[in-house]
2 protein chains.
Amino acid sequence: MNIYDIAREAGVSITTVSRVINNKQNISAKTKEKVETILKKHNYTPNAFARGLMSSSIKSIGVVTVDIRDPHYANTAFTIEQDFSKLGYNVILCNTGGKTDESINYLRMLMEKKVDGIILIGSVFNDQQVRKYVSKHVRNLPIVLANGYLAVDNSYSVLVDDFYGISCCVEHLYAKKHTKIIYIKDAETYSGERKQAGFIAAMKEHGLPVDDTSIIKVPRGLEGGYMAVAKLVDDGKDFSAIIFGEDITAVGGIKKLKELGRRVPEDVAVTGFNNSTFAKCCDPELTSVDNKVETVASLSAKMLHDLIETKNVSSTIMIRPDLIIRKST
Amino acid sequence: MNIYDIAREAGVSITTVSRVINNKQNISAKTKEKVETILKKHNYTPNAFARGLMSSSIKSIGVVTVDIRDPHYANTAFTIEQDFSKLGYNVILCNTGGKTDESINYLRMLMEKKVDGIILIGSVFNDQQVRKYVSKHVRNLPIVLANGYLAVDNSYSVLVDDFYGISCCVEHLYAKKHTKIIYIKDAETYSGERKQAGFIAAMKEHGLPVDDTSIIKVPRGLEGGYMAVAKLVDDGKDFSAIIFGEDITAVGGIKKLKELGRRVPEDVAVTGFNNSTFAKCCDPELTSVDNKVETVASLSAKMLHDLIETKNVSSTIMIRPDLIIRKST
DNA sequence: TTGTACGCGTTATCAT
DNA sequence: ATGATAACGCGTACAA
């Protein structure tokens with residue numbers, strides 16, 4: 001059932017039908033009503049491909065994440081999807097698994113499918129090859145990096161002040177008389193660098209000791225945190241507080257601390273990052289930096305939509321995180 | 001840059017270019033090579049809309065979930081996306097928030113965008129209105145319900161034997177000499193009903209007491225479990241074990257138990273469902289039913305793909321879950 | 001107010 | 001092996 005069939009049945013031209021469908025001017029109320037009846041009767045919907053061929057838009061955007069199973073990314077993607085859904089757009093979901101090749105494949109695919117815009121979630125995508133591809137091939141398609149910084153000309157980002165977030169943790173622990181503080185880092189991304197920089201700066205500001213053994217790099221996830229604590233203890237490192245770069249890593253760390261008979265927060269204070277559900281599940285509940293996922297996601301969505309509508313848009317938005325204090329410190 | 005431009009530059013017809021692009025027969029190696037050079041030079045990609053107009057397919061599927069922030073749904077959606085991505089398909093993500101109207105809107109949208117198939121995640125979608133819409137309007141579009149049962153003619157489902165899963169919990173607790181067992185139910189879905197039925201059947205089989213006070217209905221999430229335990233204690237109910245219908249609910253329940261000074265598992269044994277990350281984060285680690293999310297997701301994806309390729313497909317696949325025994329029982 | 005005719009970029013059919 | 005042309009379904013400039 002296409003526009004011709006409708007036109008024939010209504011005894012009008014396809015132009016008239018098209019006008020009715022798209023609510024255009026210059027239609028007599030009578031004709032309009034007649035056509036609408038037929039439209040409804042057959043439950044007609046225009047062919048999206050033919051439409052796209054004319055308008056070169058199909059009202060959809062691409063959302064690229066490393067892994068939607070990560071609650072942080074899931075939250076962001078959820079908010080973006082809901083916001084864009086209200087605007088009549090669909091969201092195409094892509095999970096790259098953190099592989100650069102995959103990222104570029106997905107970008108290519110999204111461009112072929114002629115999405116109206118793209119949101120990358122996480123500073124992982126501020127990767128050299130991705131940047132190169134974007135600046136070379138994604139020229140006239142709006143692209144926004146949510147929760148991270150994209151070092152490309154004419155690019156747009158919404159990010160959280162990670163530097164500030166971690167330094168808040170140091171402030172808080174210092175106020176509680178901690179001086180031997182460890183930082184557990186779990187990603188070599190832009191965001192990861194900012195967090196580490198915030199740690200170092202805040203420690204130095206209070207004249208607290210920082211050296212190679214105060215910062216430990218571990219794999220992502222529960223196991224990473226577990227391993228970090230194991231290593232600290234194996235190395236005989238002396239510490240009274242640990243700042244983790246992610247909640248889930250902190251959960252793993254606390255698990256190991258408990259196994260070793262160290263009490264949290266009496267023997268060791270612990271902070272996390274993301275203020276996720278894990279922070280509330282954790283026993284004791286985790287002091288964590290709230291990095292305002294929903295806010296970042298919504299602002300990213302709004303930014304992309306403004307770009308699609310070619311409004312004037314600022315290139316970078318930075319959000320201040322909050323420290324949520326719970327039982328673990 | 002379209003197929004005409006390429007043809008002109010290569011000094012051949014568009015037919016020839018099309019043949020090269022689609023790897024068709026009857027092309028001389030020489031011509032093929034010549035065209036491929038030009039193709040590569042301009043980084044040409046065919047217009048997906050024009051293609052769709054001919055083939056009425058754009059190689060994409062719709063994945064409909066209640067809320068991608070739920071780890072269980074995120075896992076399923078992730079696996080489906082990865083599997084279909086390997087087959088050259090894109091995934092359009094939809095979050096209905098559990099609202100029937102939204103579900104139907106999304107289904108309509110997906111049909112308009114001419115996806116090649118649809119996967120619904122969770123037995124929530126076995127809703128009367130959704131069923132009605134599907135059987136009326138989604139007639140010639142393959143649709144699969146992952147992790148639940150869809151009571152519609154000509155429909156396809158992959159599901160876990162929830163009945164068996166919960167009855168395993170009862171068996172396990174009974175073997176540990178528990179007789180006063182509570183079941184906490186958190187969803188009125190098909191899956192929820194099966195779980196409850198499994199509980200009742202297994203209890204009766206061992207001659208254990210079951211009545212209205214043995215089964216408590218609570219809202220989803222951490223708070224639900226917390227409230228459930230609060231209610232049990234308020235009511236002065238005597239119990240030695242609790243079976244929760246979801247891990248996260250169990251986590252909430254354990255939290256409240258601890259606050260009340262009841263030890264897990266010494267005073268109260270606890271089981272969860274889903275074998276999620278929460279089960280491992282929990283202290284003590286949670287005995288939980290592994291409902292094989294990835295398996296269900298992969299089988300659903302395979303089923304849908306087979307349907308798209310119009311292969312013969314069985315209408316229902318049922319998976320047996322496993323009980324993973326940890327410290328909470 | 002309404003209709004005719006063309007273009008969008010591709011694939012399929014039928015000639016050559 | 002290669003090419004000309006129709007068809008897919010819609011929007012729109014222009015004509016009536």
Side-chain angles (χ1 to χ4, degrees), chain A residues 1-39 42-60 88 108-116 140-141, chain B residues 1-39 42-60 88 90 108-109 111-116 140-141:
Chain A
M1 181 69 39
N2 62 26
I3 202 170
Y4 287 94
D5 301 322
I6 301 289
R8 196 179 316 118
E9 191 164 335
V12 298
S13 77
I14 60 159
T15 311
T16 306
V17 177
S18 177
R19 287 205 182 98
V20 173
I21 294 168
N22 299 296
N23 267 314
K24 298 266 177 174
Q25 303 296 310
N26 298 329
I27 284 276
S28 74
K30 200 172 155 189
T31 316
K32 186 171 177 180
E33 193 183 358
K34 183 172 61 183
V35 173
E36 275 173 343
T37 313
I38 316 264
L39 247 27
H42 291 292
N43 221 289
Y44 169 84
T45 54
N47 182 303
F49 299 139
R51 273 199 157 159
L53 200 51
M54 289 298 298
S55 64
S56 57
S57 151
I58 200 177
K59 289 261 192 184
S60 60
R108 195 198 328 277
M109 201 145 69
L110 290 172
M111 302 205 37
E112 283 181 23
K113 300 246 164 131
K114 303 232 181 276
V115 294
D116 297 292
N140 42 21
L141 187 62
Chain B
M1 182 69 37
N2 62 27
I3 201 169
Y4 285 94
D5 301 322
I6 302 289
R8 197 178 315 119
E9 190 164 335
V12 297
S13 75
I14 58 164
T15 311
T16 304
V17 177
S18 177
R19 285 204 183 97
V20 173
I21 294 168
N22 300 293
N23 267 313
K24 299 265 176 174
Q25 304 295 312
N26 298 329
I27 284 276
S28 74
K30 200 171 155 190
T31 316
K32 185 171 176 180
E33 193 183 357
K34 182 171 60 182
V35 173
E36 275 172 344
T37 313
I38 316 259
L39 249 25
H42 292 290
N43 220 287
Y44 167 85
T45 54
N47 182 305
F49 298 140
R51 272 199 159 159
L53 199 51
M54 287 301 298
S55 63
S56 55
S57 152
I58 200 178
K59 290 262 194 183
S60 61
N90 273 131
R108 195 199 328 276
M109 201 143 72
M111 300 204 39
E112 284 182 21
K113 301 247 164 130
K114 302 230 181 283
V115 294
D116 297 294
N140 42 24
L141 186 65

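From a predicted model like this one, the values you see are computed outputs, not experimental measurements. Chain A is the first sequence line, chain B the second, and so forth, proteins listed ahead of strands; every chain is numbered from 1.
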| said: Distance alone, cut at 3.5 Å: any donor-acceptor contact between the side chains of A:T15 and A:S18? | reply: no
| A:E33 CD - C:dT2 P separation (whole Å) | 13 Å
| task | Mind jotting down which residue pairs meet the salt bridge (charged side-chain N to carboxylate O under 4.0 Å, His left out) criterion with at least one end in residues 6-33 of chain B? Sequence neighbours excluded, please. | result | B:D5-B:R8, B:E9-B:K41
| Considering residues at least two apart in sequence or located in another chain, which fulfil the side-chain contact (heavy atoms from CB on, under 4.5 Å) criterion with B:I14? | B:I3, B:Y4, B:A7
| Rounded to the nearest Å, what distance is computed from the NZ atom of residue B:K34 to the C1' atom of nucleotide D:dA1? | 12 Å
| request: Using a heavy-atom cut-off of under 4.0 Å over every strand shown, decide if A:T31 touches base, sugar-phosphate, or nothing. | output: sugar-phosphate
| query | Looking at the side chain of B:V12, which of C:dT2, D:dG3, D:dT2 is the nearest nucleotide? | reply | D:dG3
| said: List the residues meeting side-chain contact (heavy atoms from CB on, under 4.5 Å) with B:T37, not counting sequence neighbours, and say none if there are none. | reply: none
| task | If a protein heavy atom is under 4.0 Å from the base, mark B; if only from the sugar-phosphate, S; if neither, -; do that for nucleotides 6-16 of chain C going 5' to 3'. | result | -BBBBBB----
| How would you list all residue pairs meeting salt bridge (charged side-chain N to carboxylate O under 4.0 Å, His left out) that involve residues 43-60 of chain B, not counting sequence neighbours? | none
| Those residues that, when tested against B:K34, pass side-chain contact (heavy atoms from CB on, under 4.5 Å) (two or more places apart) | B:V12
